[in-house]
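Beneath this line is the structure, given in structure tokens, with notes to follow.
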Amino acid sequence: MADRKKTNDSLNVEEALTQSEAFIVKNQKAIIGVVVALILIVAGILIYKNMYAEPREEKAQVALFKGQEYFEVEQFDLALNGDSIGYAGLLSVIDQYGGTDAANLAKAYAGLSYQSLGEYENAIKYLDSFKGNDLMIAPSILGAIGNCYAALGDLDKATSYLVKGADKADNNSLSPILLIQAGNIYEKQGKFADAEKAYTKIKEKYFNSFQAMDIDKYIERAKLQQKK
């Protein structure tokens, strides 16, 4: 009985192997096709990265560098539009090298340049297109957008972006600055309860910040205005 079971098991294994071999033989072309396709996809990704994406990123970084220099010395028009000695400008970097990290950073510089030139709508356009999750840069960009909206008189959007930037930063360096700005705008709008809330957040959450040292007077001012 045991010998018969062993024989049956052996036959089952052999039968399974035979079926597998038959499947492979029958579908050999399809299997080879899939393997070749996978090889081509992987090779394509590597070629794109090594021969196109990385060199393109390097060129974009080189193109951006001069714009950063002009920005730092507050020559914003040259930073944006380039000069006559080979630098094409931040706007050119954005157009020519879209999808690169350098082009993304160029959007931030372009937006801040337009803000400094008082062209707030253009500033918002480029600042809003910047993508990033850095705990200082991204919240600063949100704050800059808020200040642009404030300059345009859209105070609701201004406070929305300032508070959003403060929440995203969530640190003693940037958050209190943005909350103070939001609180001041709330006061201009007559939204004194919202102003008190913004100032109180500095007192309770960012008590180690420089702004927290005299935040009580802001809180009291907002409270007094609510009683009038």
Side-chain angles (χ1 to χ4, degrees), residues 64 67-76 79-80 90 101 104-228:
L64 174 63
Q68 292 172 311
E69 286 189 332
Y70 279 130
F71 179 87
E72 288 169 4
V73 295
E74 300 183 2
Q75 295 190 32
F76 302 114
L80 284 165
L90 293 169
D101 291 338
N104 185 47
L105 190 56
K107 291 175 183 178
Y109 278 109
L112 294 172
S113 295
Y114 275 125
Q115 182 186 17
S116 298
L117 292 170
E119 297 184 34
Y120 300 112
E121 290 179 353
N122 277 331
I124 291 169
K125 172 186 172 182
Y126 285 100
L127 291 171
D128 198 40
S129 66
F130 171 79
K131 306 299 180 188
N133 292 311
D134 183 274
L135 292 180
M136 288 301 289
I137 296 174
S140 296
I141 295 299
L142 291 172
I145 294 173
N147 282 304
C148 287
Y149 275 119
L152 291 169
D154 194 338
L155 302 185
D156 287 334
K157 282 189 176 180
T159 53
S160 174
Y161 273 94
L162 289 167
V163 171
K164 192 186 299 183
D167 289 341
K168 189 173 184 66
D170 196 23
N171 59 52
N172 285 302
S173 300
L174 185 58
S175 297
I177 294 172
L178 299 179
L179 288 170
I180 286 279
Q181 292 176 344
N184 288 336
I185 294 172
Y186 281 134
E187 289 191 71
K188 288 179 182 178
Q189 291 180 289
K191 297 180 178 180
F192 300 109
D194 289 331
E196 181 190 351
K197 182 179 177 182
Y199 299 143
T200 301
K201 191 168 187 177
I202 296 172
K203 180 180 176 68
E204 294 179 349
K205 191 169 185 180
Y206 306 111
F207 47 84
N208 287 324
S209 67
F210 175 78
Q211 289 75 17
M213 293 174 64
D214 60 351
I215 198 63
D216 285 336
K217 70 180 184 183
Y218 290 85
I219 295 171
E220 288 305 313
R221 184 176 69 198
K223 284 181 176 179
L224 288 171
Q225 291 293 334
Q226 292 177 64
K227 294 176 182 179
K228 291 182 178 180

Contact summary for S129 and K107, nearest pair of heavy atoms: OG-CD, 3.2 Å
Pairwise side-chain contact, L105 with L64, heavy-atom cut-off 4.5 Å (strictly under): yes
Main-chain N/O of Y114 paired with N122 side-chain donor or acceptor, under 3.5 Å: no
Side-chain ion pair, D214 and K217, N-O less than 4.0 Å: yes
Heavy-atom check, side chain of L155 versus side chain of Y149, under 4.5 Å: no
Side chain to side chain, L152 and I124, heavy atoms closer than 4.5 Å: yes
Distance-only polar pair, side chains of N184 and Y199, donor-acceptor under 3.5 Å: yes
Point-to-point distance, once rounded to the nearest 0.5 Å, from CZ of F76 to OH of Y109: 11.5 Å
Near-ring test F192/Y186, centroid separation under 6.0 angstrom: no
Heavy-atom pair of closest approach, residues A150 and A158: N-CB, 3.6 Å
Shortest non-hydrogen contact from Y161 toward L142: CB-O, 3.5 Å
Over all atoms of both residues, closest heavy-atom pair of G146 and L162: CA-CG, 4.3 Å
Straight-line distance of F71 CZ to L90 CG, nearest 0.5 Å: 9.0 Å
CG/N208: more than 12 non-hydrogen atoms of other groups inside 6.0 Å: yes
List the atom pairs, donor and acceptor, that lie under 3.5 Å between side-chain atoms in residues 167-182 and the rest of the protein, sequence neighbours left out.
unit_1 : atom_1 : unit_2 : atom_2 : d
D167   : OD1    : K201   : NZ     : 2.6
D170   : OD1    : K205   : NZ     : 3.2
D170   : OD1    : Y206   : OH     : 2.8
N171   : OD1    : S173   : N      : 3.0
N171   : OD1    : L174   : N      : 2.7
N171   : ND2    : A169   : O      : 3.4
S175   : OG     : A166   : O      : 2.7
S175   : OG     : D170   : N      : 3.0
S175   : OG     : N171   : N      : 3.1
S175   : OG     : N171   : O      : 3.3
Q181   : OE1    : N147   : ND2    : 3.3

Distance-only side-chain donor-acceptor flag, E187 / Q225, under 3.5 Å: no
Pair L112-L127, side chain to side chain contact (heavy atoms under 4.5 Å, CB included): steps then yes or no: CA-CA 7 Å; L112 294 172; L127 291 171; 4.0 Å; yes
Closest approach of D134 to P139 (non-hydrogen atoms, all atoms of both residues): O-CD, 3.1 Å
Interatomic distance, I215 atom CD1 to F207 atom CZ [nearest 0.5 angstrom]: 14.0 Å
Distance-only polar pair, side chains of D156 and Q189, donor-acceptor under 3.5 Å: yes
Rounded distance [0.5 Å steps], OG1 in T200 versus NZ in K203: 8.5 Å
Nearest-0.5 Å distance that lies between atom CZ in F130 and atom OG in S140: 9.5 Å
Inter-residue atom distance L80.CG - S113.OG, 0.5 Å rounding: 4.5 Å
